[in-house]
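Note sheet for the following structure.
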Amino acid sequence: MSAVSNLATTKKKITLKDLQNKKAQGHQIVALTAYDYSFAKSLDAGGVDLILVGDSLGMVVLGHETTLSVNMDEMLHHCKAVARGTQRAFLVGDMPFLSYQVDVHEAVRNAGRFLSEAGMNSVKLEGGFHMESTVRAIVRAGIPVMGHIGLMPQSVHQIGGYRIQGNTASKARSLLEDALALEEAGCFAIVLESVPTRVARLITERLSIPTIGIGAGVGCDGQVLVTYDLLGLFDSFTPKFVKKYANLRAVITEAVEQYICDVRDEKFPAQEHSSLISEDEWQLFLDDLNGS
Ligand code: KIV
């Protein structure tokens, strides 16, 4: 059996232990984002280890300029759909802006809703050492937490745009301290976004928990991308670190144009898309209409 078909048929649920073992064995953790049932099913069948229901939802699905407008109800709604489509991948629900920054108790309650209501296995939140007590409280409640440092999109206005982070000696030092603080607080993994490759590699080597890179080069324990970027479905803004594996926007547009032509030319629906009534029943129907 090929490696690919083996992945697609292995339905054993990925656990935190599996992710940790991958780091120990030097095997890359493969992660992607999903926001609905059908995409989750496809990613799961393809064999990704981890599915993140990211708050990138706000930009790529809901059409907002930033991730800041996404709320808990929207996140939970999409997480539920993804959970229904996933059997194998480990599921991470992204905590939206203001769902964990204001108050630790509120953060624990909101984090819990991702597991109890939406079928997620864990949550992700943005922030370094200043999030230590929040992470600690959520983990103490039995909820696995993934950290997210480097470029933190929920702080886009504070950092002045989507730009590389940790690219000076002192900023690299702070990033490492953030990562160590999150590990100490109990995170099971950390996303490193838009960080120079050498900095990400060093952080990865200093941590015992896995790092998942996005725009952080090859030195991490795994990679994540926004699926809409990878498939060429979102073109308002494409970060330099994205590799497009398909151009589905063009494929969809072409299919829609073809459908429009077929409907206008009455080529669709064809006979194979249509249903029949038997000749006898048809005659009875006509007779009935004509009152005979
Ligand atoms: O929201 C998201 O999709 C993310 C990934 C880019 C890591 O946080």
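Both counts, for ligands and for their atoms, begin at 1 and track the order of listing. All values below come from the heavy atoms of this structure, side chains included, with hydrogens, waters and symmetry mates left out.
- Under 3.5 Å, the side chains of Y228 and T33 contain no donor-acceptor pair of N or O atoms.
- Residue L52 touches ligand 1 through its side chain alone, judged by heavy-atom distances below 4.0 Å.
- Hydrophobic clustering (ILVMFWY, side-chain heavy atoms < 4.5 Å, transitive): V145 and F97 are in one cluster.
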Exercise for the section: Any chance you could lay out the side-chain contact (heavy atoms from CB on, under 4.5 Å) test for L284 and D288, step after step, and finish with the verdict? Expected result: CA-CA 6 Å; L284 281 173; D288 185 43; over 6 Å; no
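- Only the side chain of D94 comes within 4.0 Å of ligand 1, judged by heavy-atom distances.
- Here's the thing with D55: one of its N/O atoms is less than 3.5 angstrom from an N/O atom of ligand 1.
- Side-chain contact between L225 and L32: present, with at least one pair of heavy atoms (C-beta onward) separated by less than 4.5 Å.
- Applying the side chain to side chain donor-acceptor pair (under 3.5 Å) definition to pairs two or more places apart or across chains, those involving residues 192-205 are H148-E193, T204-T211.
- Counting atoms of ligand 1 from 1 in the listed order, those under 4.0 Å from a heavy atom of G54 are 1 (O), 2 (C), 3 (O).
- Remark: ligand 1 and K124 share an N or O pair separated by less than 3.5 Å (distance only, no angle test).
- Between T33 and ligand 1, no N or O atom pair is found at a separation short of 3.5 Å.
- Comparing P239, G213, S56 by heavy-atom distance to atom 3 (O) of ligand 1, the nearest is S56.
- In summary, the atoms of ligand 1 found under 4.0 Å from a heavy atom of I214, numbered by their order in the structure, are 6 (C).
- Evaluation of the side chain to side chain donor-acceptor pair (under 3.5 Å) rule for D262 yields Q258 as partners, not counting sequence neighbours.
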